[in-house]
Amino acid sequence: MSDHQVQPLDKELAASLEKKALKTLRAVCAGNGIKVASVRLNGFEPQYYKTVCSVIFTIKPDIDEKTIHGRHPGEVCGSKQQAHETINTYVHDLRNDKAFHESLKQSLISRKDHGLGIQKDEKIAMTNYQRSMVCHEECSQCRGKGQTTCHQCNGNKQERCMRCHGTSKIQCVHCGSTGRLRQNNQEVQCHYCRGTGQAPCDLCRNTGKTPCRTCGARGVINCQTCSGSGWFTHIYHVIVTAFGRLNFNKDHIPPKLVGLFERSMGKLIENEALKIENVGESVGVYEDGALSISYEIGFPYGDVHFVLKDKPVDASIFGYNGKIVNLPPVLDKLIAPGLRKLENAARQKGDIAKQLKEASKYKIIAMALLQSARYSAKKTAMIIKRRYPMGISSSTLENMAKMADKATSDISKKPKSLGLIIGLMVSAALYGLYLITPVRTMATSELANPMLHIVLDVILVGLCSYLSIFISQMTAKKAMQTALGHLLPPNQRQGLVPKAGNIIYFAIVGCALLFAGLCEASIYIPDITTPSWYADLRGVTPAQTAQ
């Protein structure tokens with residue numbers, strides 16, 4: 001593999017790239033203050049570059065250690081230290097294993113980006129090279145027996161009788177431990193305990209001891225430390241992991257492409273802007289144990305000269321798909337008159353509808369207005385950036401999105417406010433019907449849990465909030481269609497609904513306050529049902545409380 005070559009580009013390919021690039025630039029400029037025919041190509045200086053890049057890997061073991069009870073089979077190591085030494089030796093040997101090299105290489109080239117899109121320190125798990133080892137350790141508590149002396153009986157298999165507490169005697173139940181019985185109106189000596197007041201314990205049979213309940217009279221119990229197994233097994237599950245990074249010589253490619261290669265090498269391969277001409281037959285091994293896979297890539301590149309309205313514009317054409325790079329922000333100047341109109345509309349200077357109509361003659365501004373009617377300024381800028389990835393500066397794009405957002409918000413501000421008032425009035429009417437009529441009483445009578453009464457009221461407030469937002473948007477819909485409807489075909493204008501914006505918060509708060517107000521009024525008006533939870537909250541007895 002040669003490290004670096006530059007040679008003339010095939011004429012047929014050069015002509016194809018010129019055609020693609022010109023078509024792309026004309027699409028960017030179309031409808032943005034310039035006629036497509038005035039966008040021309042005035043020269044292309046193509047070359048074909050070949051360079052070598054590589055993916056360098058550091059091989060490390062990814063070890064999952066766990067300890068379980070018992071003595072389990074597996075590849076046995078004598079100790080923890082020996083297990084780690086075996087793992088390190090295994091990974092070291094793999095660094096020089098040709099089969100491992102080939103497996104790593106296949107893992108890379110099977111990817112869509114053939115491995116050239118690998119991120120710094122990206123991890124590739126080589127699951128075919130996983131390995132498990134075990135290390136057995138005797139339980140220090142029971143010394144491998146799995147049993148320890150019973151702590152209750154101390155190994156004697158018997159414990160103190162729980163009835164007589166080891167005394168072998170219990171109170172006589174016949175005389176109540178008095179030693180005397182009453183017979184024929186006379187007190188006589190209790191013949192059961194012979195006047196002592198105590199009788200032999202029938203549980204321990206007068207021995208004071210009973211079989212140990214803890215160990216079952218065995219004298220030993222299962223070791224709690226090892227769960228009775230006597231051993232621990234330390235399991236080391238190893239997956240060999242390759243941590244990769246892309247490396248290429250920045251001096252072997254045009255300086256203007258260095259940043260693009262660093263950011264998007266993988267995407268360039270996937271989009272076929274670059275072509276892999278050769279992949280190294282063998283994997284290189286460095287002194288520090290790192291592995292390297294080399295690629296020879298090729299791509300066309302050259303400076304291109306366009307003419308826009310008789311003004312020269314220099315850029316570059318890169319890749320097999322004729323991508324234009326390093327294009328200056330030509331749209332900034334082309335759409336400047338439209339941006340001034342948009343700014344006037346955003347600042348409410350002059351006839352806003354007329355200003356927007358003039359501004360929307362520029363295709364990119366029209367797109368900004370339509371998107372800002374639905375989305376935030378930030379999302380609008382992202383959408384436009386996808387459609388116009390070149391030709392406009394970030395500052396101009398962000399400023400245009402903000403002004404479009406301000407202008408469309410002002411268009412719908414008054415009608416949305418009016419719609420919100422209508423929505424709140426409708427909500428108030430619904431609340432009244434809900435509390436005055438038997439609707440709420442009937443609904444809550446089926447719900448035994450009082451907390452569900454609150455849930456029912458919250459759902460109503462939520463539905464009324466949504467209704468208020470909907471009415472607000474529908475009221476502003478006509479104003480939005482009047483201002484921007486000319487930008488859409490007739491069959492798509494019905495979908496032009498303004499975003500709700502801050503109306504969402506006003507609707508939720510307004511509906512909640514309205515409901516709270518009616519609940520408060522219900523305490524003093526006998527005809528309105530007061531929710532029981534609200535009456536409890538206020539600590540009052542309402543005129544009528546729903547059960």
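All figures in this text were calculated on a predicted structure; none of them were measured in a lab.
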Should the heavy atoms of other residues, nucleotides or ligands under 6.0 Å from [atom1] of [X] be counted, would the total exceed 12?
| X | atom1 | value |
| --- | --- | --- |
| Gln106 | CD | yes |
| Lys385 | NZ | yes |
| Tyr466 | OH | no |
| Tyr129 | OH | yes |
| Lys169 | NZ | yes |
| Gln224 | CD | no |
| Glu65 | CD | yes |
| Arg205 | CZ | no |

Please determine whether side-chain contact (heavy atoms from CB on, under 4.5 Å) holds for the pair Lys209 and Glu159, giving the CA-CA distance in whole Å, both sets of side-chain angles, and the decisive distance to 0.1 Å.
CA-CA 6 Å; Lys209 294 182 179 297; Glu159 62 179 332; over 6 Å; no
[X] versus [Y]: any side-chain heavy-atom pair under 4.5 Å?
| X | Y | result |
| --- | --- | --- |
| Cys201 | Asn206 | no |
| Val238 | Gln130 | no |
| Met265 | Ile118 | no |
| Thr210 | Leu203 | yes |
| Thr58 | Arg245 | no |
| Arg163 | Ile170 | yes |
| Asp457 | Val461 | no |
| Arg440 | His453 | yes |

Ion pair present between [X] and [Y], side-chain N to carboxylate O less than 4.0 angstrom?
| X | Y | value |
| --- | --- | --- |
| Asp405 | Lys499 | yes |
| Glu262 | Lys250 | yes |
| Glu272 | Lys112 | no |

Would a distance-only check, ignoring hydrogens and angles, find a side-chain to backbone donor-acceptor pair under 3.5 Å from [X] to [Y]?
| X | Y | answer |
| --- | --- | --- |
| Arg218 | Cys215 | yes |
| Asn156 | Gln158 | no |
| Arg143 | Glu138 | no |
| Thr475 | Ile471 | yes |
| Gln119 | Gly117 | yes |
| Tyr295 | His114 | yes |
| Ser79 | Gln82 | yes |
| Arg111 | Asp113 | no |
| Arg387 | Ile383 | no |
| Ser227 | Ser229 | no |

Closest heavy-atom pair and its distance - [X], [Y]:
| X | Y | value |
| --- | --- | --- |
| Ile124 | Phe57 | CD1-CE2, 3.9 Å |
| His72 | Val134 | O-CG2, 4.1 Å |
| Leu94 | Phe100 | O-CD2, 3.3 Å |
| Cys175 | Cys193 | SG-SG, 3.6 Å |
| Ser168 | Gly208 | CB-N, 3.9 Å |
| Leu514 | Leu424 | CD1-O, 3.3 Å |

Straight-line distance of [X] [atom1] to [Y] [atom2], nearest 0.5 Å:
| X | Y | atom1 | atom2 | value |
| --- | --- | --- | --- | --- |
| Ile253 | Thr51 | CD1 | OG1 | 7.0 Å |
| Leu370 | Thr380 | CG | OG1 | 10.0 Å |
| Ile293 | Ser282 | CD1 | OG | 10.0 Å |
| Glu102 | Lys98 | CD | NZ | 11.0 Å |
| Ile504 | Ile469 | CD1 | CD1 | 5.0 Å |
| Leu513 | Glu520 | CG | CD | 12.5 Å |

Apply side-chain contact (heavy atoms from CB on, under 4.5 Å) to residues Phe248 and Ile297 and explain how you reach the verdict.
CA-CA 11 Å; Phe248 62 90; Ile297 59 173; over 6 Å; no
Examine Arg131 relative to Tyr90 and say whether NZ or CZ is less than 6.0 Å from the centre of the six-membered ring and inside a 45° cone about the ring axis.
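Because its charged atom sits under 6.0 Å from the ring centre and within 45° of the axis, Arg131 does stack over Tyr90.
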Phe243 six-ring centre to Lys60 NZ/CZ under 6.0 Å and within 45° of normal:
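Cation-pi check for Lys60 and Phe243: passes.
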Is the ring pair Tyr236/His234 parallel, tilted or perpendicular, if the boundaries are 30 and 60 degrees?
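Tilted, since the angle between the ring planes falls between 30° and 60°.
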Classify the ring geometry between Tyr434 and Phe515 as parallel (under 30°), tilted (30 to 60°) or perpendicular (over 60°).
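Rings of Tyr434 and Phe515: tilted, as their planes differ by 30° to 60°.
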Can Thr86 and Met133 be said to form a side-chain contact (heavy atoms from CB on, under 4.5 Å), step by step?
CA-CA 9 Å; Thr86 302; Met133 285 166 282; 3.6 Å; yes
Taking only residues two or more places apart in sequence, or in another chain, which ones meet Ser395 in a side-chain hydrogen bond (donor to acceptor under 3.5 Å, both in side chains)?
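Ser395: side-chain hydrogen bond (donor to acceptor under 3.5 Å, both in side chains) contacts with Ser393.
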Can we call the ring centroids of Phe232 and His69 under 6.0 Å apart?
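Centroid separation for Phe232 and His69: below 6.0 Å.
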Does the side chain of Ser427 come under 3.5 Å of the side chain of Ser468 through a donor N or O and an acceptor N or O?
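Note: Ser427 and Ser468 side chains meet the donor-acceptor criterion.
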Assess whether side-chain contact (heavy atoms from CB on, under 4.5 Å) is satisfied between Ile421 and Ser417, documenting all intermediate values.
CA-CA 6 Å; Ile421 294 172; Ser417 300; 5.6 Å; no
Check each of Lys406, Lys413, Lys414 against Asp410 using the salt bridge (Lys or Arg N to Asp or Glu O under 4.0 Å) test, and report the only one that passes.
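Of Lys406, Lys413, Lys414, salt bridge (Lys or Arg N to Asp or Glu O under 4.0 Å) with Asp410 is met by Lys406 alone.
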